[in-house]
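So the structure is just underneath, and the comments pick up after that.
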Amino acid sequence: QNLNYNLRQNYNKSSLQYLVLKPYREELKATIKSRGIKPKLVGFLANEDPAAVKYAESTSKTCEETGVTFELRKCDKEQLEDQIVEANEDDSIHGIMIYYPVFGDRQDQYLQNVVSASKDVEGLCHKYIYNMYHNKRYLDEKQTKKCIIPCTPLAIVKVLEYVGVYNSVLPYGDRLHGRVITIINRSEIVGRPLAALLANDGGKVYSVDINNIQEFHRGTGLKLKKHEVRDTNLKIEEILPFSDVVVTGVPTPSYKVPTDLLRDGVVAINFSAFKNFNDNIKEKASIYVPAVGKVTIAMLERNLLRLYDYHNYQS
Ligand code: NAD
């Protein structure tokens, strides 16, 4: 298999993003067709952010291809809360998402919790986030309903599974044992949940933000059931050389990870709208993934189908 995906920016049928999402998309398409169902997703756009508009267009196109009914509702940010409440109560809607940022502050976190958990395809409401941080993987005692995981962190997990960073020989839940992963971003939407997910799966994760570096881990021999977090005095220059994976999400065009500090053969993943790796990343990385947005949409749709089934077919 040709693993030379370096610097391939366009979404085409040989890009790594496409290879990762393909089985999910095909399964979803086949399920929707064979069961004759019509899951409906509503996206709320209350900003003019070009990245959000692009994301909304991309969601619409993908939904059309897979058989999901997608409706984009544009509104004023002051009307958004009422519109979400209305959509929560509308039985014809199975999933709701919001294109962030809306207010760009803590009010966005409030809006995440206005979305009903039964329709939260992004997995950002308190219930799902809490379960994820506590490594609680099911919603019910009988373990029939898997928790909804935030979709961008989940997309990155799927990329890491695909490229073999997850060791499938190890038991489920421990498959990152021995891996060292650096994540440069600790936002509540992506970086912090991702650090927790990867540490819960057994990885040693360095979570870097503008202020400090924290280590997320389950202890030597994975003796802890869920991850714990501690501050570290290590500097980024010290952790990059022994990181097997570096994931970046710094939202500024000027930020670049110094290629010379990276391990030879590193797996490098960028989810920022800006390129956080220099072009010479191809000289060091065994795998370079410049964006994960398409995989994120596949995970959104997967979460939508799950919520549809939880609502319609299970107690
Ligand atoms: P945010 O502003 O909430 O968080 C940015 C994070 O980067 C913070 O933790 C901050 O401390 C850290 N940071 C900033 N400068 C830094 C520096 N110099 N060194 C180390 N850390 C630094 O942003 P966000 O919502 O997490 O989004 C980040 C980027 O990811 C944006 O470009 C956004 O468009 C993109 N994004 C992509 C997807 C996707 O592809 N699916 C999803 C969500 C966000």
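As the structure lists them, so they are numbered: ligands from 1, and atoms in each ligand from 1.
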Lys146/Asp140 under salt bridge (charged side-chain N to carboxylate O under 4.0 Å, His left out): CA gap, chis, key distance, verdict: CA-CA 8 Å; Lys146 278 192 171 175; Asp140 57 339; over 6 Å; no

For [atom], which protein heavy atom lies nearest, and how many Å away is it?
{"atom": "atom 32 (O) of ligand 1", "answer": "Ala273 N, 2.9 Å"}
{"atom": "atom 3 (O) of ligand 1", "answer": "Ser187 CB, 3.3 Å"}
{"atom": "atom 7 (O) of ligand 1", "answer": "Asn185 CA, 3.8 Å"}
{"atom": "atom 14 (C) of ligand 1", "answer": "Val250 CG1, 3.8 Å"}
{"atom": "atom 35 (C) of ligand 1", "answer": "Phe271 O, 3.3 Å"}
{"atom": "atom 28 (C) of ligand 1", "answer": "Gly249 O, 3.3 Å"}
{"atom": "atom 11 (O) of ligand 1", "answer": "Ile210 N, 3.0 Å"}
{"atom": "atom 43 (C) of ligand 1", "answer": "Val190 CG2, 3.7 Å"}

[X] with [Y]: basic N within carboxylate O range, under 4.0 Å:
{"X": "Glu161", "Y": "Arg175", "answer": "no"}
{"X": "Glu71", "Y": "Arg73", "answer": "yes"}
{"X": "Lys61", "Y": "Glu57", "answer": "no"}
{"X": "Lys225", "Y": "Asp174", "answer": "no"}

For ligand 1, the portion of Ala51 having any non-hydrogen atom under 4.0 Å away: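 No part of Ala51 comes within reach of ligand 1.
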
Residue part near ligand 1, for Asn211, under 4.0 Å between non-hydrogen atoms: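 Within the 4.0 Å criterion, Asn211 makes no contact with ligand 1.
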
Shortest reach to [atom] by a heavy atom, considering only [options]:
{"atom": "atom 31 (C) of ligand 1", "options": "Pro101, Ser254, Pro251, Ser207", "value": "Pro251"}
{"atom": "atom 18 (N) of ligand 1", "options": "Tyr100, Phe274, Tyr55, Tyr255", "value": "Tyr255"}
{"atom": "atom 39 (C) of ligand 1", "options": "Val295, Asp108, Thr152", "value": "Thr152"}

Nearest non-hydrogen partners of Gly219 and Leu224, listed with the distance: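 Minimum heavy-atom contact is N-CD1, 4.0 Å.
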
Closest approach of Asp90 to Lys119 (non-hydrogen atoms, all atoms of both residues):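 Reported closest heavy-atom pair: O-NZ, 2.7 Å.
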
Atoms in ligand 1 with a heavy atom of [X] nearer than 4.0 Å:
{"X": "Asp209", "value": "9 (O), 11 (O), 20 (C), 21 (N)"}
{"X": "Gly293", "value": "40 (O)"}
{"X": "Ile184", "value": "20 (C), 21 (N)"}

Mutual orientation of the aromatic rings belonging to Tyr130 and His134 [parallel < 30°, tilted 30-60°, perpendicular > 60°]: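 Geometry flag for His134 against Tyr130: parallel rings.
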
Worked verdict on Tyr99 versus Tyr55 for ring-ring contact (aromatic ring centres under 6.0 Å, His included): CA-CA 8 Å; Tyr99 294 97; Tyr55 186 21; 5.3 Å; yes

